[in-house]
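Single-structure report; data block below.
Because the structure is predicted, anything quoted here is derived from the model rather than measured. All ligand and atom numbering here is 1-based and tracks the order in the structure.
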Amino acid sequence: MRVCVVGSGAREHALAHVLARTADVVVTPGNAGMAPPITVADDVSVEEIEADLYVIGPEAPLVAGLADSLRGAGKTVLGPGADGALLEGSKAFMKEVLQAAAVPTARFATFDALESAAAFDYLETLPGPWVIKTDGLAAGKGVLVARTVEEARADVTAKLSGSSFGEAGRTVVIEEGLDGEECSLLVLCDGTRAVPLVPAQDFKRIGDGDLGPNTGGMGAYAPMSRVRRDDVDRIMDTAVLPLVEELRRRGIDYRGVLYAGLMLTAEGPKVIEYNVRFGDPEAQVVIPLLESDVAALLHATASGDLGSVGPPSFSRQSAVSVVLASAGYPEQPRTGDPIEGLLKSGQSVAVVEGATVYHAGTRRHGTGGPFYTAGGRVLCVTALAPTLAEARRRAYEAAAPIEWEGMQMRHDIASAAAGASPVGAGEGAR
Ligand code: AMP
Ligand code: GLY
């Protein structure tokens with residue numbers, strides 16, 4: 001089978017790496033760290049690439065209808081059409097669908113630029129903390145969790161006036177703040193059937209101890225052992241299957257990944273959001289743990305035929321990913337810094353068993369030269385091992401020699417779950 005992966009991040013690098021176990025893989029536009037057997041096609045359009053399966057990584061092309069145009073040309077595509085992708089493209093639409101499907105989620109209301117007085121009144125009806133979100137896509141950065149009503153009001157004003165996030169912010173969703181641990185459940189949906197992958201945890205804030213602004217994700221681990229098999233069944237029954245049914249009722253033939261972002265509250269799991277693709281960095285920990293033929297599994301999903309393959313089987317190992325980000329990320333990432341500590345292959349000079357360096361925002365001149373930073377999230381060091389503690393240790397050991405000016409890395413990825421303290425000076429990472 002020949003698979004075309006669309007995207008250029010560490011998520012697409014991990015997908016391509018694992019798909020290449022059983023398939024010919026071409027990635028467009030790809031990135032500088034992708035090497036044979038993966039083929040990179042950065043100078044042609046997706047439509048010009050012949051493949052048996054197209055896997056669309058990021059949300060933006062899905063929201064823009066790339067899956068529809070490929071399907072229109074008779075291709076088999078993993079990823080929803082623009083109708084299903086609106087779940088991620090508009091938080092207001094997502095909330096409305098969740099409500100119609102009776103999926104447990106935070107209380108919320110939606111306001112546009114002419115409704116700031118009503119928005120202020122609504123803030124008073126919630127106990128706090130308050131969560132203010134832009135309606136449109138903002139790469140995970142359009143969300144503020146406000147501790148005081150004054151802070152909430154100021155953010156509503158800034159977003160509705162268009163002074164922050166421009167048009168994407170001119171409609172806001174105001175939500176009650178939920179308390180608990182977060183969990184990402186990635187589910188493969190073939191239009192009617194839905195099968196969960198292993199639960200993962202993402203670390204969204206830039207700084208150790210969950211401090212600082214939200215990012216696209218600074219690290220992840222899987223499986224999340226506190227979410228047991230029966231918890232996953234409950235999430236499927238209360239939060240996923242009713243959504244799939246509601247999408248079908250609306251005539252949406254959803255074939256792709258449903259990514260449920262959940263808060264494990266004292267009252268049970270509640271949905272924070274749905275995304276319409278693999279999470280990044282969740283994919284980097286979930287996909288490498290699959291023992292099934294991933295190309296066959298994704299092809300069956302895209303073909304509306306999940307019944308033809310068995311349930312996905314997972315290795316009993318654990319996986320940890322640590323993201324290395326540029327100076328200034330997430331606000332104003334600086335690019336063009338030379339990266340130290342990588343081999344010509346793009347892997348870490350510390351050759352660590354079970355560890356792989358997935359590239360995201362890197363670039364190089366020619367194939368033999370040094371790598372430079374070229375984006376916010378630059379590299380994602382992932383390691384697998386028989387235990388979570390060992391996977392974490394390996395990931396930080398492989399990350400340790402990698403450095404550039406102003407590089408940012410969290411030191412506490414999977415620390416609490418692995419019963420370990422954050423890595424400090426001398427223990428694997430600077
Ligand atoms: P979102 O873009 O909706 O995924 O939100 C980004 C992050 O903001 C989430 O991963 C949570 O950490 C936080 N967040 C969003 N909504 C809520 C909520 N209702 N209660 C508490 N935290 C939230
Ligand atoms: N890791 C969060 C996301 O992919 O949106």
Side-chain angles (χ1 to χ4, degrees), residues 7 9-12 14-15 57-60 62-63 85 87-95 98 103-110 123 126-147 152 155 159 165 168-169 172-186 199-207 210-222 224 257-267 269-287 321-323 325 330 360 376-377 380 410 413:
R11 164 183 52 206
E12 289 76 23
L15 276 163
E59 60 276 20
L62 291 167
V63 171
L87 271 182
E88 183 163 356
S90 164
K91 290 194 194 288
F93 174 75
M94 172 191 59
K95 284 296 225 176
L98 292 184
V103 168
T105 184
R107 278 193 287 155
F108 75 100
T110 304
L123 289 174
L126 298 175
W130 298 263
V131 183
I132 322 294
K133 303 183 176 184
T134 56
D135 180 46
L137 290 181
K141 294 161 218 156
V143 177
L144 179 83
V145 181
R147 298 282 152 197
D155 194 56
K159 280 178 176 143
F165 300 101
V172 295
V173 175
I174 299 179
E175 285 183 19
E176 80 179 298
L178 300 174
D179 212 21
E181 215 174 324
E182 284 186 55
C183 169
S184 302
L185 189 67
L186 308 180
Q201 189 163 59
D202 175 24
F203 292 74
K204 289 226 166 68
R205 304 294 188 110
I206 187 77
D210 288 333
L211 296 176
N214 265 318
T215 69
M218 291 298 291
Y221 72 89
M224 210 179 151
V257 181
L258 274 171
Y259 158 161
L262 302 152
M263 190 71 90
L264 306 176
T265 74
E267 294 144 37
K270 291 192 181 176
V271 171
I272 297 176
E273 62 167 351
Y274 263 102
N275 293 320
V276 299
R277 50 174 174 83
F278 288 109
D280 182 348
E282 290 94 326
Q284 293 90 304
V285 287
V286 170
I287 302 296
S321 278
V322 177
V323 169
R377 292 188 291 176
C380 177
R410 279 186 64 161
I413 304 302

Interfacing atoms of ligand 1 (cut-off 4.0 Å, heavy-atom, E182): 9 (C), 10 (O), 11 (C), 12 (O)

E176 and ligand 1 - part of the residue with a heavy-atom distance under 4.0 Å: backbone

Min side-chain heavy-atom separation L186-F278 under 4.5 Å: yes

Close-contact set for ligand 2 against G216 heavy atoms, below 4.0 Å: 1 (N), 2 (C), 3 (C)

Ligand-residue contact atoms, ligand 2 with N275, heavy atoms, under 4.0 Å: 5 (O)

Within-cut-off N or O pair, E282 and ligand 2, under 3.5 Å: yes

For G279, the ligand 2 atoms whose distance to one of its heavy atoms is below 4.0 Å: 4 (O)

Any Y259 heavy atom less than 4.0 Å from ligand 2: yes

Proximity of D202 to ligand 1 by residue part, where a heavy atom lies under 4.0 Å: neither

Heavy-atom check, side chain of M94 versus side chain of E88, under 4.5 Å: no

Any G261 heavy atom less than 4.0 Å to ligand 2: no

Any R277 heavy atom less than 4.0 Å from ligand 2: yes

T215 side chain to K204 side chain, donor-acceptor N/O pair below 3.5 angstrom: no

Residues which pass salt bridge (charged side-chain N to carboxylate O under 4.0 Å, His left out) with E282, listed by chain and number, not counting sequence neighbours: none

Proximity flag G217 to ligand 2, non-hydrogen atoms under 4.0 Å: no

Which of the ligand 1 atoms, numbered from 1, are nearer than 4.0 Å to a heavy atom of K133: 3 (O), 15 (C), 16 (N)

Per-atom contacts of ligand 1 with I272, taking only distances under 4.0 Å to non-hydrogen atoms: 3 (O), 15 (C), 16 (N), 17 (C)

Closest non-hydrogen atom pair, G219 against V323: N-CG2, 3.9 Å

contact_flag G177 ligand 1 heavy-atom lt 4.0 Å: yes

E273-ligand 2 polar pair, N/O distance under 3.5 Å: no

L178 contact mode with ligand 1 (heavy-atom cut-off under 4.0 Å): both

Nearest heavy atoms of W130 and L123, plus distance in Å: NE1-O, 2.9 Å

Inter-residue atom distance R205.CZ - M218.CE, 0.5 Å rounding: 13.0 Å

Side-chain touch M224/L264, heavy atoms, less than 4.5 angstrom: yes

Positive for side-chain contact (heavy atoms from CB on, under 4.5 Å) with S321, one of V285, V286, D202, D280: V285

4.0 Å heavy-atom contact, M263 with ligand 1: yes

Nitrogen or oxygen of K204 less than 3.5 angstrom from that of ligand 2: no

Numbering as shown, the atoms of ligand 1 that approach N214 to under 4.0 Å (heavy-atom distance): 7 (C), 8 (O)

Q201 and E181 side chains, donor-acceptor separation under 3.5 Å: yes

Contact summary for P281 and G216, nearest pair of heavy atoms: CD-O, 4.3 Å

Between CG on residue L262 and OG on residue S184, distance to nearest 0.5 Å: 7.5 Å

